[in-house]
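Values in this document were obtained by computation on a predicted structure and should not be read as measured data. Below, each value reflects all heavy atoms present in this structure, side chains not excepted, and no hydrogens, waters or symmetry copies. Both ligands and their constituent atoms are indexed starting at 1 by order of listing.
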Amino acid sequence: MNKHLITTAMAAMTAICATAAGNLTIQYLSPGNAMVRIDAEGEKYLLMPVQETAPMAHIRVLTDGKLDETLNINLADSKIDYYVPLRLDTRDGEKLLLDIRCDSNRSSIRDLQDAVWTHDLKLSDDFDTTNREKYRPLYHHTPEYGWMNDPNGMFWKDGVWNLYYQWNPYGSKWQNMSWGHSTSKDLVHWTAEDGVLYTDPLGMVFSGSAVVDKDNTAGFGEDAVIALFTSADAAQTQSLAYSTDNGKTFTRYAGNPVIAYERESRDPNMFRDEEHNNWVLVLASALDHEDLIFTSKNLKDWTLESKFGQGYGCQDGVWECPDLMKLPVEGTDKEKWVLIVNINPGAPFGGSGVQYFVGDFDGKTFKCDNGPEVTKWMDYGKDYYATVSFSNAPEGRHTVLGWMSNWQYANDVPTMQFRSANSLPRELSLFKAPDGELYLASRVSPEIDALRGKAIKCGTGKPGKKGKSYTLPTANDGICEIELDAELMNGSDLDITLSNSKGERVEMRIDAKNGTFSMDRRNSGLTDFSENFPAVTTAPTHNATGKYALRIFIDRSSIEAIATDGRYAMTNLVFPTEPYTTVTVAAPDGGANIEKMTIYPLIP
Ligand code: FRU
């Protein structure tokens, strides 16, 4: 238990919080400044109380007198929403000092002493990460705690998928960008690892990529993992870090930054171009709405070769998180290049989205097949962003993950212990659509099938105008997959509705006449945390056959509707106050025929 002793003998007021072993001493220096000395006795963590609406405090962490880390945190003022841990055991030194500056209008030191956090800092050997959230997905990746945005730096090596992500370890809103880390052997079950890269004097650690340097081109060893990321401070520069333990820990390169471009640029994404014996890097020149293409022999010295994008596709928002890759064209022996460009705002239904360009790449320059007026989107939901691929994936796979949120409301979604999940992994290829154009196909990665429990077979035939209803599984809050094959005669419609006893529902429709699939989440549950959340999203189905095969994945607070052949995908968040219990299929104009429908409980 904490004892909170206040000594007022001296002008500088001091409080000593004794824990079971170590001690914390707080010195109050002014109404907006306190110093905390930590004498830990082997405790692993300092637990810091957070109140999301409290004013921001800025902390400088000094270890043995040297600046180790700077961080921003909403230290609890009047109540505690949750605790976050500051790691003590990973620091190199004995004496730890936190210099805490608080943004607030306090007029006296006594006011500062009343702030809740001054009584509730705790030294501890444990930090409880047991889930407290009903909206935490069960088979999608989430951080154990704290805020997450982009998946980044992902690579596969020796049977392990390494996923890093934009992480705030000190709160569940965007701040203190660092790289969190998780690993998986099957792309489904993720193990939380220690974070790897935290803010340094060059700035926060924004998105980037990682490659396996098999031939030691960078000089950090054969098979070293080399990461490039954006150091974000007054400027955005690109820095290198390497790992010789398969991505568990990274060391920063002494010559950072390795790229300092004169315009705001970020999210370096690298790949190996064997044909030209080069490394290639694509960098988003965010405000110029274009991507810069660099090459290198050693991952440290980069030459700007070309630029692509000004005037192309959607130009409404900043260009971010690019990814350039060569993909097979289904049904042919051809391959084409695809440049993925995340953009915010400017997506079809507002806020963040993923556009892409199909074309050719000669090792230095990307040339788009389409004119600048054409925009192609990868997913037509509101919650699929910052999508990039794993490097070094086995069997030539192009496996991607997207962040399931939207910058319009990502900080406001109704969770606290963590904020945001990643989408299901998807496999990319290209297909030729009835309009003669090449588009991206996104299929759900095959590993997900292993989650299927005992199939619940539903009726076939015409569901009628009123429709047929089926009960969704109840285990694990009803997480499940619905697989549906239907024929829509003469341009008719098929409605698929998820609902619960509260009258909350998600209404989906395949409209064969207009060639669209849509999802309406306006009455899906909690929606009023942002005026941008209620929405109807619509995707083109690229289907001229009348036969539709669709997979719908429900995971507590997310719905991914993905055509079985990957021709359209839609990812939307939902926050039902209780799980959806029923799925109803109906043919409003009588012309739909269900050929097969199966509900699979998913067992995480
Ligand atoms: C995309 C993004 C990136 C940046 C990161 C910062 O969501 O804005 O451009 O690197 O998030 O967290």
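Ligand 1 lies within reach of Y385, whose nearest heavy atom is under 4.0 Å from it. At a 4.0 Å cut-off, not a single heavy atom of T230 sits close enough to ligand 1 to count as contact.
Contacts of Y568 classified as ring pair (Phe, Tyr, Trp, His ring centres under 6.0 Å), with partners at least two apart in sequence or in another chain: F517.
Close approach of ligand 1 to N149 is summarised as follows: ligand atoms under 4.0 Å from at least one heavy atom of the residue are 5 (C), 6 (C), 7 (O), 11 (O), 12 (O). Shown in contact with M177 at under 4.0 Å from a heavy atom are these atoms of ligand 1, numbered in order with element: 12 (O). The atoms of ligand 1 that sit less than 4.0 Å from any heavy atom of Q166 are 5 (C), 6 (C), 12 (O). Within the listing of ligand 1, atoms 3 (C), 4 (C), 9 (O), 10 (O) sit less than 4.0 angstrom from a heavy atom of D267. Residue contact check: S207 has heavy atoms under 4.0 Å from atoms 10 (O) of ligand 1.
Taking the centre and axis of the six-membered ring of F418, the NZ or CZ atom of R136 falls inside the cone set by 45° and 6.0 Å. Annotation: cation-pi pair R521/F533 present, NZ/CZ under 6.0 Å from the ring centroid and within 45° of its normal. Taking the centre and axis of the six-membered ring of Y198, the NZ or CZ atom of R87 falls outside the cone set by 45° and 6.0 Å.
The aromatic rings of W302 and F294 stand perpendicular to each other, their planes meeting at an angle above 60°, with 30° marking the opposite boundary.
Regarding atom 7 (O) of ligand 1, its nearest protein heavy-atom neighbour is D150 OD1, 2.7 Å. The protein heavy-atom contact nearest to atom 8 (O) of ligand 1 is E320 OE2, 2.8 Å.
Using a cut-off of 4.0 Å between Lys/Arg side-chain N and Asp/Glu carboxylate O, K66 and D68 are scored as not salt-bridged.
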Side chain to side chain contact (heavy atoms under 4.5 Å, CB included) for L428 and S442? Distances and angles first, verdict last. CA-CA 5 Å; L428 299 186; S442 308; 3.7 Å; yes
